[in-house]
Structures are given as C-alpha cells and as structure tokens.
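Fair warning: this is a prediction, and the values are worked out from it, not measured in the lab.
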Amino acid sequence: TIQLAWLLILFTPVLSLLNLLTEKIKAKTIKPVRYLVVGRKDEIDNILKEIEEKSKGRYRFVDYINPSPVVFKEKVKHFDNILIADPKLEGNIQEELEQIKQTHKVEYLPNLAEKVLKRIPLEVMQKFEEYYKVYFDNIQESPAKRIMDIFFSIIGLVVYSPVILISAIWILIEDGPPVLFRQPRVGKNEKIFEMVKLRSLRTAQIDPTNPNRDIEQRALKIGKFIRKTRIDESIQFWLILKGKMSLVGPRPEMIEYHEMMKPHIPYYTYRLLVKPGLTGWAQINYKHSSTLEEYKIKTEYDLYYVKNKNIFFDLKIILQTLESVIFKSGAR
C-alpha cells in the first residue's frame with residue numbers, strides 16, 4: 001500500500017505534462033466550431049463569452065435567434081452547429097430541429113458549459129432546471145467510494161502519524177495547548193459534525209460576519225507550514241475512516257457561512273447530497289471564498305462534482321491535489 005501511494009505521487013507530474021501537451025496540440029490543430037444559438041443574447045452572453053475564452057476560441061457563437069420557424073430555416077443554412085441555450089425557445093422550432101438533425105449537430109448548453117467550464121453555472125441550471133432535477137433527485141453514495149475512503153484513510157493515517165506527532169509537539173512548544181482545533185461544520189444532508197484539525201492559529205474571538213478576518217496575522221510559525229502543506233488536515237483521515245467525511249467531496253462549511261449563503265445561492269443545498277471531502281473539485285479549481293459572488297462560483301464547481309461524481313473522477317481529484325501540494329500551488 002505504501003508503494004502504491006508513492007507511485008501516485010511520482011506519476012502525478014507525468015500526467016500533468018501529458019495533459020498540457022495534449023491541450024496545446026488541440027489548440028493549434030482543431031478548427032473553430034461556429035454556432036447558431038437558440039437563445040436571447042442578453043441572458044446568456046456572459047456564459048458563452050467565458051466558454052469562448054476558456055476554449056481558446058475553439059467554440060464561437062456567431063449569431064443568436066429568438067426563433068420563428070421561418071427565421072430558423074433561413075439562418076440555419078449558414079451553420080453546421082446549433083446550440084440550444086433556452087429550452088423554452090426550442091419548443092418553437094421542434095419540427096425544424098428534427099428535420100435537420102441528419103445534417104446539423106444540435107447541442108445543448110448544459111453539455112457544452114460543463115465540458116468547457118468544468119462547473120455548472122447557476123444561470124444554466126435555472127434555465128435547464130428539469131434536466132438537472134433528474135440527476136440531483138437520484139444521487140446515491142457508491143460502495144466503491146466507501147471502500148476507497150477506507151483504503152486511503154488507513155494509508156494516510158500510517159504515513160502521516162509521525163508528522164502529526166512532530167507537529168503536535170511543536171504546537172505545544174510554540175503556543176501551548178490545545179493541539180487540536182475543533183469546530184462544528186455542516187455535513188451531508190445539513191447534519192452538523194465536529195471537524196478536527198491540528199491547530200495552526202492562535203486562539204482568538206472569531207468575527208461571525210467574516211470568520212477568516214486576520215487569519216494570516218494569527219498563524220503560528222508551525223501553523224503557516226502545516227497549512228501550506230495541508231498537514232493540519234491530515235488528522236481528518238480519522239473522520240474519513242469513521243464515515244463522517246470522504247476523501248473527495250465539497251468542503252465542509254462553517255455554520256456561519258452556511259447560514260449566510262443558503263438563502264442567497266440557488267441549489268446551494270444540492271452540494272450537501274454527498275459527504276464533505278478532505279479535498280474536492282471546488283477546492284482544487286477555485287480560491288478560498290469569503291464573499292457571496294465567490295461562493296456562487298464555488299457552488300457551481302461543487303454542483304458539477306455532485307452530478308458527475310464517480311470513482312475515476314475521485315482518483316483524478318486526488319492526483320491533482322497531490323500535484324497542488326507537491327508543487328506548492330496548494331489545493332484550497
């Protein structure tokens with residue numbers, strides 16, 4: 001098992017290099033795909049612009065229509081690809097779409113947005129609510145995921161035990177007890193559980209409106225190191241073994257943040273359909289969040305994970321987390 005852990009660590013940089021080379025080759029050789037968009041430009045333009053930018057111009061949204069059958073038949077002659085960006089408008093040209101499917105590629109915005117952005121924009125989810133409802137109403141935990149959690153948490157506890165012990169002694173010497181930081185967090189189905197970390201900050205009163213205020217100023221000397229390397233969170237392998245958390249999942253939020261964000265972010269509670277994770281898709285793709293707008297984007301990454309989760313996706317996230325820690329880019 002130790003050898004397997006080392007193989008994962010050594011293989012991570014090679015995988016990253018291959019991905020980078022593949023993306024560069026694609027960008028230079030693939031011809032841009034031009035779309036006729038069935039949707040109102042003012043409602044979705046920001047999302048489509050981001051798709052164009054993230055795809056490095058591979059996808060281009062040339063014309064928008066709020067169609068009648070006559071207008072659609074005329075416009076579609078100049079395109080090979082149709083993007084359905086509003087399911088309500090699609091109903092106006094249902095027959096015409098069926099007729100052209102043999103000669104044109106008809107694609108839907110949720111598929112394209114997820115493929116390029118690797119998250120589910122809230123605006124897209126609201127427009128295609130019925131489509132997404134089918135997925136989120138049928139979320140289940142996989143037995144294979146639980147087996148993987150047990151396997152890797154045991155490895156993690158064995159590998160990190162000496163580091164945890166040394167860090168605990170250092171914390172005692174630098175700032176005295178307690179060694180552990182305990183805090184209630186929001187878990188699966190909004191159940192509260194106690195999350196435990198090695199203490200990396202000096203004890204102080206927390207501002208409920210901004211719990212992360214002055215966080216860098218309060219960091220212990222050893223705290224800065226264990227936070228950057230995520231050693232402070234290694235003790236959570238015990239929570240994973242107990243089944244309170246998972247290796248991969250949405251970040252377990254503080255109750256204060258949860259209560260602030262829940263009323264203001266559509267579909268926010270969907271991220272709580274699975275166990276919180278030691279690492280996760282949002283943590284490795286987006287910065288630490290403290291504002292409403294940041295939390296909205298972070299939620300979009302969490303929703304993407306919950307919808308698309310499987311054992312191979314989890315392994316990919318674990319590898320990317322190892323890469324982030326090794327190369328100091330730091331998973332969030």
Side-chain angles (χ1 to χ4, degrees), residues 1-16 18-19 114 118-120 134-165 180 182 185-198 229-253 269-285 301-326 331-332:
T1 55
I2 302 297
Q3 289 91 335
L4 176 60
W6 277 111
L7 278 173
L8 285 172
I9 292 170
L10 293 171
F11 182 66
T12 299
V14 177
L15 185 64
S16 299
L18 287 173
N19 284 337
E114 289 185 40
K118 305 302 180 185
R119 67 180 206 271
I120 303 177
V134 173
Y135 285 96
F136 287 99
D137 282 349
N138 292 282
I139 298 297
Q140 295 181 347
E141 288 284 1
S142 162
K145 182 179 177 71
R146 181 59 186 149
I147 292 169
M148 185 180 75
D149 281 348
I150 293 171
F151 177 74
F152 280 108
S153 60
I154 291 172
I155 291 176
L157 287 170
V158 170
V159 170
Y160 274 96
S161 289
V163 184
I164 292 172
L165 179 60
L180 299 179
R182 301 173 183 272
R185 294 286 178 106
V186 182
K188 182 180 178 182
N189 297 326
E190 298 190 69
K191 292 182 180 177
I192 306 301
F193 73 101
E194 186 178 65
M195 193 189 71
V196 183
K197 293 183 181 183
L198 286 170
T229 56
R230 301 193 73 183
I231 291 171
D232 63 326
E233 297 187 1
S234 60
I235 204 164
Q236 290 169 28
F237 283 119
W238 175 244
L239 294 176
I240 295 168
L241 192 60
K242 289 172 65 177
K244 298 289 185 182
M245 292 178 61
S246 180
L247 274 170
V248 180
R251 178 184 171 84
E253 288 299 345
T269 55
Y270 281 7
R271 65 189 293 279
L272 301 173
L273 292 172
V274 298
K275 290 177 186 176
L278 179 60
T279 186
W281 190 237
Q283 291 94 303
I284 64 174
N285 281 285
Y301 281 108
D302 281 335
L303 294 173
Y304 177 89
Y305 171 75
V306 174
K307 175 180 176 284
N308 296 288
K309 67 183 181 67
N310 59 57
I311 197 75
F312 299 106
F313 193 15
D314 280 5
L315 288 170
K316 175 182 177 180
I317 292 169
I318 291 169
L319 285 171
Q320 289 188 2
T321 302
L322 288 171
E323 177 192 359
S324 296
V325 173
I326 291 167
R332 285 83 171 179

Parallel, tilted or perpendicular: ring planes of Trp281 versus Tyr301, cut at 30 and 60 degrees: perpendicular
Mutual orientation of the aromatic rings belonging to Tyr304 and Phe313 [parallel < 30°, tilted 30-60°, perpendicular > 60°]: perpendicular
Separation between CG of Leu319 and OG1 of Thr279, rounded to the nearest 0.5 Å: 11.0 Å
Which atom of Leu198 lies closest to which atom of Ile235, heavy atoms considered: N-CG2, 4.2 Å
Crowding at NZ, Lys145 (>12 non-hydrogen neighbours, <6.0 Å): yes
Residue pair Glu114, Lys307: steps toward the salt bridge (Lys or Arg N to Asp or Glu O under 4.0 Å) verdict: CA-CA 10 Å; Glu114 289 185 40; Lys307 175 180 176 284; 3.2 Å; yes
Worked verdict on Tyr135 versus Val306 for side chain to side chain contact (heavy atoms under 4.5 Å, CB included): CA-CA 9 Å; Tyr135 285 96; Val306 174; over 6 Å; no
Short side-chain to backbone donor-acceptor contact, Asn310 and Phe312, under 3.5 Å: yes
Residue Gln140 excluded, over 12 heavy atoms near CD under 6.0 Å: no
CG-CD1 distance between Asp232 and Ile164, expressed to the nearest 0.5 angstrom: 10.5 Å
Heavy-atom pair of closest approach, residues Lys275 and Met245: CD-O, 3.9 Å
Spacing of Leu247 atom CG and Phe237 atom CZ [to the nearest 0.5 Å]: 6.0 Å
Gly187 versus Leu272, closest heavy-atom pair with distance: O-CD2, 3.7 Å
Salt-bridge present (Asp314, Lys309; N to O < 4.0 Å): no
Expected output: side-chain Arg230 to main-chain Leu278 donor-acceptor under 3.5 Å: yes
Smallest separation among heavy atoms of Ala144 and Ile311, with atom names: O-CD1, 3.7 Å
Leu239 and Glu194: CA distance, side-chain angles, deciding distance, side chain to side chain contact (heavy atoms under 4.5 Å, CB included) verdict: CA-CA 9 Å; Leu239 294 176; Glu194 186 178 65; over 6 Å; no
Side chain to side chain, Met195 and Lys244, heavy atoms closer than 4.5 Å: no
Residue pair Gln320 / Ile284: nearest heavy atoms and the distance that separates them: OE1-CD1, 3.0 Å
Arg185 (side chain) donor-acceptor with Pro252 (main chain) under 3.5 angstrom: yes
Heavy-atom side-chain proximity of Ile317 to Tyr305 below 4.5 angstrom: yes
Chi angles and distances behind the side chain to side chain contact (heavy atoms under 4.5 Å, CB included) call for Thr269, Glu190: CA-CA 8 Å; Thr269 55; Glu190 298 190 69; 3.7 Å; yes
Closest heavy-atom pair and its distance - Leu303, Phe136: O-CZ, 3.6 Å
Asp149 side chain to Ile240 backbone, donor-acceptor under 3.5 Å: no
Rounded distance [0.5 Å steps], CE in Met148 versus OG in Ser153: 10.0 Å
Criterion side chain to side chain contact (heavy atoms under 4.5 Å, CB included) on Glu141 and Val274, from CA distance to verdict: CA-CA 7 Å; Glu141 288 284 1; Val274 298; 3.7 Å; yes
Donor-acceptor under 3.5 Å (Gln283 side chain, Val248 main chain): no
Separation of Asp302 CG from Glu253 CD (nearest 0.5 Å): 8.0 Å
